[in-house]
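In each ligand, atom 1 is the first atom listed, and ligand 1 is the first ligand listed.
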Amino acid sequence: MDKFTISKARRTDAIGREVKLQGWVRTRRDSKAGFSFLEINDGSCLANLQIICDAERANYETEIKRLSAGCSVTVVGQVKESGGKGQATEVHAEEVTVHGWADPEKFPLQKKRHSFEKLREWAHLRPRSNTFGAVARVRNCICNAIHQFFQAEEFLYVHTPIITASDCEGAGEMFRVTTMDLAEPPKKSGQVDFEMDFFDRPTYLTVSGQLEAEIFACALGKVYTFGPTFRAENSNTSRHLAEFWMVEPEMAFYDLDDNMKLAEQFIRHICATVMDECREDVDFFNQRIDDTVADTLATVADRDFVRLPYTEAVEILEKSGEPFEYPVAWGENLQSEHERFLTEKQFKCPVIVFDYPACIKPFYMRVNDDGRTVRAMDVLVPRIGEIIGGSQREERLDVLERRMAEQDLNTEDYWWYLDLRRFGTVPHAGFGLGLERTVQFVTGMSNIRDVIPFPRTPGNAEF
Ligand code: 4AD
Ligand code: MG
């Protein structure tokens with residue numbers, strides 16, 4: 001007899017098979033005719049499987065009739081055609097083994113719907129709900145699509161460090177890593193002496209793997225890194241986490257135009273793969289969470305992204321007559337309300353804004369001939385705003401040193417980064433895609449805390 005997943009047992013080609021299924025009970029209903037229906041779920045798909053248990057089973061009165069939501073079971077039985085609505089098959093149980101009970105007085109996930117806020121308090125149980133099961137499957141599918149895409153394009157997957165001494169984004173929003181006793185740190189001339197710390201210098205959790213990815217791109221051509229990144233920004237928004245996952249491709253001999261092309265193909269590939277492989281989950285999100293999700297995915301798959309210089313974006317926003325909360329002005333960052341206006345109202349599709357003012361972007365972006373803008377690009381999508389941030393990198397040593405000085409960065413700390421410009425420098429470019437914002441985009445989930453298993457935000461690190 002074969003161990004089957006519920007996803008497999010729901011297909012008509014399973015009819016007639018003797019199977020073993022293992023999962024958790026969602027509901028039990030008893031019929032007056034002397035048998036019971038169980039709905040069980042094992043996470044292999046959104047849908048449950050109906051199990052029919054008749055009263056002849058030895059443990060019918062003692063166990064089966066006591067089953068409730070959350071109990072874990074093994075069911076052995078035969079797959080049959082089902083007359084029921086919304087299901088092609090059902091299983092007639094020959095044996096039901098109970099592994100674990102879940103006291104219905106205490107188990108929180110009862111039939112009634114809970115708010116996402118409430119479910120965050122039960123992050124250890126929420127994967128057992130329909131929504132979080134679907135999010136987990138879509139997230140997995142996206143990660144797989146990311147690797148598939150870059151591997152097919154012949155990129156090398158490289159691992160960049162989590163612990164670092166450099167602040168890639170220059171925003172100073174880093175978590176410190178130390179083994180020093182915070183109550184009594186070693187001191188030298190009244191200052192904390194980091195030479196006595198584990199790494200002999202101040203170290204942090206990385207905000208981006210880009211600088212190290214550049215090292216590998218400048219030797220091996222096309223690479224990508226994909227891992228957790230950390231930002232200690234104190235922003236309690238629906239699009240910011242303190243710990244999030246980012247995929248960062250970096251390509252030698254790419255300019256900004258090549259970079260934009262790649263980003264567009266990449267997002268397309270992710271959307272197409274999710275539509276293809278997670279149809280049932282996408283339909284669920286479209287019905288229950290946001291009824292624009294399926295259309296958005298289809299639009300992304302077949303419309304070119306708009307490319308818009310920052311200066312033109314500012315002009316459009318200024319002329320729009322929209323009552324923005326934050327004013328628009330050349331030289332200021334676009335706020336998410338501005339980004340959403342461009343993608344949702346003005347163009348109704350993803351927009352790549354490029355050539356941003358140098359004064360609002362990090363030191364490593366290539367300076368344009370106008371001297372005021374840099375070869376930056378942000379990919380904006382409806383509902384989310386920025387999903388990708390990237391740029392062509394400054395490959396000219398003298399310009400890079402000047403930019404670092406302007407931003408008060410110590411060139412000695414970045415000696416190895418500057419060496420890449422001293423020895424065989426090449427034009428190169430790359431970008432970073434936020435995984436959680438991508439999951440939000442594809443599922444329609446409005447809060448980023450609900451698309452990562454265990455969200456880390458200011459004040460929250462339970463689980
Ligand atoms: O625009 P960012 O800051 O770019 C970089 O870090 C570059 N070093 C990437 C590169 O060129 N290799 O971040 C890239 C993306 C953003 O567009 C956003 O999707 C996501 O990372 N992101 C966050 N996601 C969740 N929570 C946060 N606090 C995020 N900050 C950035
Ligand atoms: Mg950015």
Side-chain angles (χ1 to χ4, degrees), residues 139 142 146 150 155 158 160 164 166-175 205-217 222-251 254 256 259-260 262-263 266-267 270 310 333-336 338-339 343 350-354 356-357 360-366 374-381 383-394 417 428-442 445 447-452 455-458 460:
R139 188 178 164 109
I142 293 172
I146 288 170
F150 287 120
F155 280 61
V158 299
T160 49
T164 175
S166 41
D167 180 359
C168 170
E169 293 306 293
E173 291 164 335
M174 304 180 85
F175 289 101
L205 294 177
T206 190
V207 296
S208 161
Q210 176 195 324
L211 302 188
E212 291 89 355
E214 282 187 51
I215 295 178
F216 274 74
K222 296 194 291 185
V223 303
Y224 69 108
T225 179
F226 185 16
T229 45
F230 306 86
R231 301 211 179 164
E233 51 193 334
N234 199 358
S235 37
N236 263 304
T237 79
S238 59
R239 282 178 303 278
H240 288 88
L241 289 165
E243 176 179 309
F244 64 98
W245 284 64
M246 182 157 51
V247 52
E248 297 179 271
E250 191 70 36
M251 299 73 65
Y254 266 50
L256 189 70
N259 207 25
M260 291 198 247
L262 184 77
F266 178 46
I267 291 182
I270 291 175
Y310 168 90
N333 269 310
L334 298 183
Q335 299 294 326
S336 99
H338 308 139
E339 297 175 340
T343 56
V351 177
I352 310 183
V353 178
F354 63 97
Y356 281 75
I360 54 169
K361 289 293 182 187
F363 69 95
Y364 55 71
M365 296 187 177
R366 192 179 200 281
V374 288
R375 300 248 80 190
M377 63 172 213
D378 277 3
V379 180
L380 316 177
V381 295
R383 279 187 288 104
I384 308 294
E386 178 191 341
I387 199 167
I388 280 181
S391 64
Q392 184 173 336
R393 319 305 188 190
E394 184 54 76
Y417 189 71
H428 62 289
F431 61 80
L433 170 88
L435 176 64
E436 286 74 21
R437 291 195 190 170
T438 309
V439 181
Q440 278 188 282
F441 177 57
V442 166
M445 294 294 287
N447 197 309
I448 199 164
R449 294 168 174 83
D450 299 328
V451 296
I452 186 165
R456 298 292 180 250
T457 53
N460 296 305

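- If you look at I448 next to ligand 1, the close heavy atoms, those under 4.0 Å, all belong to the side chain.
- Closest to atom 6 (O) of ligand 1 by heavy atom, among E248, M365, R231, is R231.
- From the protein, the heavy atom lying nearest to atom 26 (N) of ligand 1 is L241 N, 2.9 Å.
- Protein heavy atom in closest approach to atom 1 (O) of ligand 1: E386 OE2, 3.0 Å.
- When each atom of ligand 1 is checked for a heavy atom of Y364 under 4.0 Å away, the hits are 7 (C), 8 (N).
- In this structure, a donor-acceptor pair under 3.5 Å is present between the side chains of T164 and S166.
- Contact between L256 and R375 at its shortest, heavy atoms only, is CD1-O, 3.3 Å.
- Of the protein's non-hydrogen atoms, I387 O, 2.8 Å is the one closest to atom 19 (O) of ligand 1.
- Polar contact check, G434 against ligand 1: a nitrogen or oxygen pair lies under 3.5 Å apart.
- At least one N/O/S atom of E386, from backbone or side chain, sits under 2.8 Å from the Mg ion (ligand 2).
- Polar contact with ligand 1: present for S208 (N/O pair, distance under 3.5 Å).
- Atom 4 (O) of ligand 1 has as its closest protein heavy atom E169 OE1, 3.9 Å.
- The atoms of ligand 1 that sit less than 4.0 Å from any heavy atom of R239 are 25 (C), 26 (N).
- Near R393, meaning under 4.0 Å from any of its heavy atoms, are these atoms of ligand 1: 10 (C), 11 (O), 12 (N).
- The nearest pair of heavy atoms linking G432 to E248 is CA-CG, 3.8 Å.
- A perpendicular orientation is assigned to the rings of W245 and F226, their planes being inclined by more than 60° (bins at 30° and 60°).
- The protein heavy-atom contact nearest to atom 18 (C) of ligand 1 is R437 NH1, 3.6 Å.
- Residue contacts with ligand 1, taken as heavy atom pairs separated by less than 4.0 Å, do not involve E173 at all.
- The environment of F216 atom CZ is sparse: at most 12 non-hydrogen atoms of other residues, nucleotides or ligands sit within 6.0 angstrom.
- Ring planes of Y417 and F363: perpendicular class, angle over 60° (limits at 30 and 60°).
- When the heavy-atom distances from atom 29 (C) of ligand 1 to F441, W245, F244, Y224 are ranked, the shortest goes to F244.
- Contact detail for N259 and G390: the closest heavy-atom pair is ND2-C, 4.4 Å.
- Annotation for A217 and V223: closest pair N-CG2, 3.9 Å, computed over non-hydrogen atoms.
- In this structure, atom 15 (C) of ligand 1 lies nearest to the protein heavy atom G432 O, 3.6 Å.
- Looking at R139, its side chain does come within 3.5 Å of a backbone N or O of V451 through a donor-acceptor pair.
- Atoms of ligand 1 lying under 4.0 Å from at least one heavy atom of G389, given by number and element, are 1 (O), 9 (C), 10 (C), 11 (O), 17 (O).
- Between F230 and F175, the ring planes lie perpendicular to each other; the angle is over 60°, past the 30° to 60° tilted range.
- Counting atoms of ligand 1 from 1 in the listed order, those under 4.0 Å from a heavy atom of I388 are 17 (O).
- Panel note: side chain Q440, backbone S238; a donor-acceptor pair is recorded below 3.5 Å.
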